[in-house]
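Chain identifiers are assigned alphabetically (A, B, ...) following the order of the sequence lines, protein sequences preceding nucleic acid strands; residue numbering begins at 1 within each chain. Worth knowing before you read on, the calculation uses all heavy atoms, side chains too, and leaves out hydrogens, waters and symmetry mates.
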Amino acid sequence: MAVEVVMPRMGWTMETGRLVEWLKHDGDRVQVGENLFTIESDKAVLEVEAIDSGILRIPPDAPTPDVDVKVGATMAYLLQPGEAVPWQAAATKLDTPATTPPPRDAGSDGHGATANEPAPSTVLGEPDKRAISPRARRIAREMDVDWQTLSGSGKHGRIVERDVRAASQPPAPTVRATPLARRVAAETGIDLAELAAARSATQGSKHISRADVDAAAASKMAPPPIDQTAPAPLTPIRRLTAERMATSAHTTAPVTLTTEADVTELVELRAKIKADADSAAQSVPSYTDLLTRLVALALRDHPALNATLRDDAIVLHSAVHIGVAVDTERGLMVPVVRDAHSKSVGQIAIESARLVEQARLGRAAPDDLRGSTFTITNLGMYEIDAFTPIINLPECAILGVGRIVPRLQLINEVTEKVGVRKMMALSLTFDHRVVDGAPAARFLQQIKRWIEHPYSWVTR
Amino acid sequence: MREMTFTNAAREGLTEEMARDPSIFVVGEGIGARGGNFNTTTGLYELYGPERLRDTPISERGFTGLCTGAAMTGARPVVDFMFLDFLLDGMGELINQTAKIQYMSDGRVPMPIVFRGSIGIVGASATHHSGNYYPIFTHLPGFRVVVPTTPRDAKGLLKTAIRSDDPVFFLEHKALLNSKGPVPEEEYLIPFGQAEIRLAGSDATVVAIAAMVNRTLEACAELAGEGIAVEVIDPRTLAPLDIDTILESVHKTGRLLIVDEDFAPSGIGAEIAAQVMALAFNDLDAPIARLNGVHTPTPYSPSLEAAVIPNTKRIVEAIRDLLAE
């Protein structure tokens with residue numbers, strides 16, 4: 001009995017999955033647990049494995065790569081040897097004996113395959129819509145043009161080279177312009193073909209005059225319109241990010257507090273850890289790792305910032321799961337360091353290195369990308385100081401980390417001693433629906449103090 | 001550069017070679033004091049005398065065998081058949097002896113012999129004086145087959161033919177004999193197996209044989225007025241055939257027509273088409289086309305004769321058909 005292979009639901013918010021690629025091909029024999037295809041869903045690329053053994057048969061109308069597939073939709077079938085494919089009759093015909101008796105000389109195996117093949121056209125001059133010259137086929141392959149959809153301009157509708165080339169690029173319209181207009185266009189660098197295309201909509205195919213070229217040259221100085229590139233379809237990640245950011249911006253009451261912390265001691269601390277770690281060949285915690293630990297501990301003291309607004313109740317989370325915003329080629333991802341309050345800086349460093357790596361490769365598991373209770377976003381490497389991060393719902397606050405920058409600071413007000421200190425801007429955005437300004441400020445103040453005096457928390 | 005006729009240029013080449021190498025001699029009917037029916041040896045009798053310009057009776061098989069024997073001993077005969085049609089009487093000697101002796105002797109016996117004769121359909125010469133026949137010789141292993149189309153090529157290729165140690169057919173189309181063209185003063189040779197692009201173009205390739213080169217160039221001049229750019233290739237030698245030049249052109253144009261006055265079945269066009277299909281199938285944007293003389297003995301009647309030869313109008317039509325494929 002045919003076993004359906006369906007698009008799995010990999011997370012509760014998942015409605016569709018985008019097929020990335022088939023890892024097995026039509027007709028392949030597969031065992032339970034072998035990977036069949038990969039999908040992209042909720043910011044992760046996942047391999048989907050076979051839940052049964054059999055021969056994989058992919059119907060002709062099966063989803064192709066880069067197509068969104070509804071959860072539960074049939075992608076393929078796993079069949080037992082000899083079992084007929086369960087799709088339409090046309091395909092069935094090829095695998096089962098013909099309904100009409102095969103010709104006597106068709107062989108004794110009973111498969112009337114030859115009887116089902118289309119008879120070669122014996123009538124010369126009969127149009128064949130899919131005829132294509134060898135050269136056109138080669139060029140279609142080289143230019144990545146799907147010639148099956150083209151209509152041919154050769155004899156009897158044969159697709160020839162010019163048809164493939166025409167399909168791969170829009171035809172260049174012939175431009176009618178006065179000689180003076182041509183000269184001025186050449187001097188001012190105006191593309192007459194572009195100008196003609198822009199004008200044809202409004203003014204028909206009138207000759208281009210010098211005045212038209214002058215006008216185009218003048219407007220060339222103005223900034224180009226922003227809608228010049230063809231729209232690119234949203235990737236699942238972009239779509240999800242767009243939805244979540246819009247929801248956050250529309251539903252929260254965000255307030256951003258900014259302050260500056262003296263990170264000189266933290267920098268020294270990290271330098272010492274780094275020196276030790278290098279000699280012991282251990283991983284070195286990043287500033288984000290240090291801040292993950294520090295913020296997790298601070299949140300234990302300030303549970304109001306580690307909370308979620310749910311209907312008419314505020315849920316204070318006992319555990320602290322820190323989301324760390326990561327920029328990847330595929331878009332923004334937020335892998336989650338679980339139970340950061342009960343892990344050492346070293347453990348966090350190892351775990352976040354793994355999470356970030358997997359997120360960048362698109363291989364993060366769904367559970368690694370959800371369930372955070374507070375998020376840290378660090379733009380310091382781009383020389384950003386303060387900014388206004390958007391709250392990652394259902395959390396109620398997010399900490400934005402700015403760059404570390406050396407500054408001339410007043411160290412002692414009485415002695416008027418000044419010195420160069422390393423400073424870091426901190427931006428805390430909180431949801432005023434859930435938490436008030438004073439508790440949020442106290443939380444930020446504690447972070448600032450702990451950054452300035454690392455000994456007060458590294459021992460905790 | 002000076003202008004010469006095809007015949008005079010070829011004769012200049014023969015004269016230079018005979019002066020250079022005393023083992024070269026000419027055999028044929030009326031090639032002595034008469035200077036040859038087509039003036040192929042005019043003036044040479046006065047220079048080199050009856051020893052090296054041997055008039056013969058009408059005995060093609062006899063002097064073909066005789067000259068084959070002379071070549072085996074190291075002499076360099078030029079056998080002048082006047083009309084190539086009469087060489088057919090010597091076919092047994094040619095195929096069984098001349099073509100095979102180098103192979104039979106493991107290369108120890110050379111065969112430095114040139115068979116020259118006029119070919120082609122011109123001026124109501126009727127069916128015994130209008131043959132082309134070159135596919136017969138390209139079909140057989142051992143022969144070189146040369147079909148020059150310009151005075152310059154006639155001289156340069158005849159000199160190469162005389163210096164070749166293989167048997168060479170030097171075939172002069174009667175329609176070209178009085179055509180004039182530039183010929184360099186200084187000595188030059190033209191190697192076998194190098195086609196000449198007579199006209200460069202990108203829309204279609206036409207390989208034209210012998211006199212059809214000029215007919216095709218006329219047709220292309222007409223089409224050029226409509227913006228159709230045809231590339232015209234003159235193979236110059238049919239064996240060896242410069243297929244590479246043809247392939248390069250087809251790679252550019254995707255379309256090939258072979259224009260040949262000779263008959264289509266088992267002809268040069270069939271051979272070129274088969275090679276191009278085998279070597280450049282993916283370059284072809286249209287089926288390879290051939291335009292040939294009508295497959296019939298050549299009529300004597302001038303109006304019927306004109307009907308069997310590909311003319312400019314028919315070549316224009318054939319190119320148009322090819323571009324419409």
Engineer: Just one of Arg135(A), Arg158(A), Arg162(A) clears the salt bridge (charged side-chain N to carboxylate O under 4.0 Å, His left out) bar with Glu325(B), so which one?
Structural biologist: Arg158(A)
Engineer: Tell me the closest heavy-atom pair linking Ala286(B) and Ser133(A), and the distance in Å.
Structural biologist: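 Minimum heavy-atom contact is N-CB, 4.3 Å.
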Engineer: Answer yes or no: does atom CZ of Arg314(B) have more than 12 heavy-atom neighbours from other residues, nucleotides or ligands under 6.0 Å?
Structural biologist: yes
Engineer: Looking at every non-hydrogen atom in both residues, tell me the closest pair between Pro134(A) and Leu284(B) and how far apart they are.
Structural biologist: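 Distance-wise, the nearest heavy atoms are CD-O, 3.2 Å.
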Engineer: Within the supplied structure, the quantity of interest is the number of heavy atoms (other residues, nucleotides, ligands) at a distance under 6.0 Å from Asp146(A) CG; does it exceed 12?
Structural biologist: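 Count over threshold, so yes.
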Engineer: Looking at side-chain heavy atoms only, is the closest gap between Arg255(B) and Val160(A) below 4.5 Å?
Structural biologist: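 Side-chain contact under 4.5 Å: yes.
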Engineer: Check this for me: Tyr188(B), atom OH, are more than 12 non-hydrogen atoms of other residues, nucleotides or ligands nearer than 6.0 Å?
Structural biologist: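 Atom OH in Tyr188(B) is packed in, count exceeds 12.
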Engineer: For the backbone of Arg138(A) and the side chain of Asn282(B), can you confirm whether one donor and one acceptor N or O come within less than 3.5 Å of each other?
Structural biologist: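 Not a single qualifying donor-acceptor pair exists.
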Engineer: Taking CD in Glu329(A) as the centre, count heavy atoms belonging to other residues, nucleotides or ligands within less than 6.0 Å. Is the count above 12?
Structural biologist: no
